[in-house]
Each structure stands twice: as C-alpha cells, then as structure tokens.
Amino acid sequence: MRSRTRGGTRWKRFGVVMVPAVAASAAIGVAMSQGALAASFAVSGQSFKVTTERLVNTDGFVQYGTLNKKADGDYVPVAVSAFNSATITKLCQSVVVPTPIGDVTVKLGAGTDPKKPVKAKNLFIDLAELDANATFTNIDIGVSASHTTKGPKPTGEYTPGSFAQQAEAATLTNVKQTAWATTAGTFELNGLNIKLHRGKNECY
C-alpha cells in the first residue's frame, strides 16, 4: 500500500493532528557516534529552517508527538520524525542568530552532488512545521507510540499509548521544514559548506 501526501502544518498548540509528512535536516554540530535520543538536550530558543530536494528511507520510519524542553525551562510541542536510515540530496539548513551588529545567518549546505548524498542513521527530527510531497509504503496511522515496530523506538517525553504512525519506507521531495532539533547516530555530510551572511538569508 502507498500513501501520498502534500501539505503543511503549523503547531499552534499540542493536540493538532499530525500529518504523515517528514523532512530531513542536519543540526549544525549535532552528531553522535552511537544511538540517538530525541530531545535528549535542552533546545535553544531558536528554531531553524531546512530544505532538501529528496529524502529516501527504505528501512523504517515512525512519527509521534512529544515536548522539547528549552534552555529557559519552557516547553515546545513537536512532531518527531524518526528514520532507521536516510539518504538526502541537496540539503540546506539555515539559522538566523541575533548579534550586537545585527542578524547573522549561518547557512549549511551538503549533498549537492546526486552521486554523493548526505547519509544518516538513527535520525530523529523534532518538527514544528513541514511542507513536502511524500510517498509511504505500508503505512500504519494511529498505532500506539509505545507499540511501533517499523522505525526507531520513540524516545523523549512522549506519552505511552499516544498517537503515532509508522511505515516500512518513505520518500519525500521538495521539502521545506522548520525544526527545533535533530539528532543522529551518524551523519555523513558530503560536500559540506558553511557560510555566514549579514542579515537574513535563509534557505526559504
């Protein structure tokens, strides 16, 4: 069975029904040698934007809702998208940092060569907003978060038995997303390029 989805979602409050859409991002400097825990650290007060031309997952995906704790002690609701592995082409990530001389945009690019894509394992993405085209293989919508079997086991401050969805495989194209955090067991950023720009110069 295959399911196709296009659309966007803005999390104004926790409880908005999740849509089966996911995206990939590389949080600057966040890569672990073993395993990955969603929201295993206090997130900053800033979200970041990511675009990618294509993300392909062939060995399991799961999505569920949880809360990220911010450094100031507050919480933000997120939809966690988790992949056993992912291959990503034309990745762009940007974050606007306020400084005494004005806003500075940090922009990261990788995987621009289709023959040398970005590769990730045990990838967890904490989403706030997403727009993409998506195709899922053998998707289950409404499964208990504590009983998922097709992707990484949910982690973080989620409620056991709460809503989740899972699929054996997922392909996303023309991805635009806003995220609070990304963690990965490994992140291979081929063709990595990081640039600083005065003012706002985001990926979208």
Side-chain angles (χ1 to χ4, degrees), residues 3-14 16-31 38-39 43-57 61 63 65-66 68 70 76-83 86-99 101-120 123-136 170-184 187-204:
S3 174
R4 292 182 179 271
T5 298
R6 177 170 176 80
T9 181
R10 188 178 300 276
W11 284 70
K12 294 183 178 178
R13 60 183 184 279
F14 196 58
V16 176
V17 177
M18 291 185 296
V19 296
V22 290
S25 68
I28 296 175
V30 180
V43 300
S44 71
Q46 293 179 267
S47 58
F48 53 93
K49 291 185 176 180
V50 178
T51 61
T52 185
E53 183 178 83
R54 185 178 180 86
L55 179 151
V56 178
N57 159 265
F61 149 78
Q63 186 181 62
T66 187
N68 278 180
K70 296 169 63 178
V76 291
V78 294
V80 179
S81 295
F83 306 83
T87 300
I88 307 157
T89 55
K90 293 188 178 179
L91 171 69
C92 175
Q93 176 190 290
S94 63
V95 60
V96 179
V97 181
T99 76
I101 61 171
D103 290 338
V104 174
T105 301
V106 182
K107 184 178 284 187
L108 175 154
T112 55
D113 184 347
K115 296 180 180 180
K116 297 180 179 180
V118 172
K119 296 181 180 180
L123 176 65
F124 287 76
I125 307 164
D126 295 5
L127 292 168
E129 187 176 354
L130 185 285
D131 186 18
N133 296 316
T135 299
F136 296 92
T171 298
L172 290 95
T173 58
N174 300 324
V175 176
K176 295 179 180 180
Q177 77 161 24
T178 301
W180 283 97
T182 297
T183 58
F187 225 128
E188 183 181 337
L189 295 168
N190 290 307
L192 174 63
N193 179 275
I194 298 177
K195 293 183 178 180
L196 302 182
H197 304 268
R198 292 284 295 268
K200 293 185 178 180
N201 187 8
E202 299 175 278
C203 295
Y204 71 93

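Residue numbers count from 1 along this sequence. In this text the structure is predicted, and so the values were computed from the model without any measurement.
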(message) For the backbone of T173 and the side chain of E53, can you confirm whether one donor and one acceptor N or O come within less than 3.5 Å of each other?
(response) no
(message) Working to the nearest 0.5 angstrom, can you tell me the gap between T105 OG1 and K200 NZ?
(response) 8.5 Å
(message) Within this structure, what is the CG-OG distance for the pair L172 and S81, rounded to the nearest 0.5 Å?
(response) 8.5 Å
(request) Calculate, to the nearest 0.5 Å, the distance between atoms CG and OG1 belonging to D126 and T183 respectively. (result) 7.0 Å
(request) Flag the pair V95 / Q46 as yes when at least one side-chain heavy-atom distance between them is below 4.5 Å, and no otherwise. (result) yes
(request) State, with a plain yes or no, whether a side-chain heavy atom of I125 is found less than 4.5 Å away from one of F83. (result) yes
(request) Apply side chain to side chain contact (heavy atoms under 4.5 Å, CB included) to K49 and list each qualifying residue two or more places apart in sequence or on a separate chain. (result) S94, T178, E202, Y204
(request) With the side chain counted from C-beta on, respond yes when F187 and V118 share a heavy-atom pair under 4.5 Å apart, and no when they do not. (result) yes
(message) Apply side chain to side chain contact (heavy atoms under 4.5 Å, CB included) to residues K70 and V76 and explain how you reach the verdict.
(response) CA-CA 7 Å; K70 296 169 63 178; V76 291; 3.5 Å; yes
(request) Indicate yes or no: at least one non-hydrogen side-chain atom of L127 is less than 4.5 angstrom from one of Q177. (result) yes
(message) Here's a test for you: under side-chain contact (heavy atoms from CB on, under 4.5 Å), which of T51, I88, L130 qualifies with V175?
(response) L130
Identify every side-chain donor-acceptor pair in residues 188-196 under 3.5 Å, counting partners at least two apart or on other chains, and give the distances.
unit_1	atom_1	unit_2	atom_2	d
E188	OE2	N190	ND2	3.2
N190	ND2	P117	O	2.8

(request) Side-chain contact test, heavy atoms from C-beta onward, threshold under 4.5 Å: evaluate it for L55 versus T171 and give yes or no. (result) no
(message) Could you check whether any side-chain N or O of S47 sits under 3.5 Å from a backbone N or O of W180, counting only pairs where one atom can act as donor and the other as acceptor?
(response) no
(message) Do L108 and V106 make a side-chain contact, defined as non-hydrogen atoms from C-beta onward lying under 4.5 Å apart?
(response) no
(request) Could you check if a side-chain atom of I101 sits within less than 4.5 angstrom of a side-chain atom of R198, using non-hydrogen atoms only? (result) yes
(message) Are the side chains of V96 and F48 in contact, using a 4.5 Å heavy-atom criterion?
(response) no
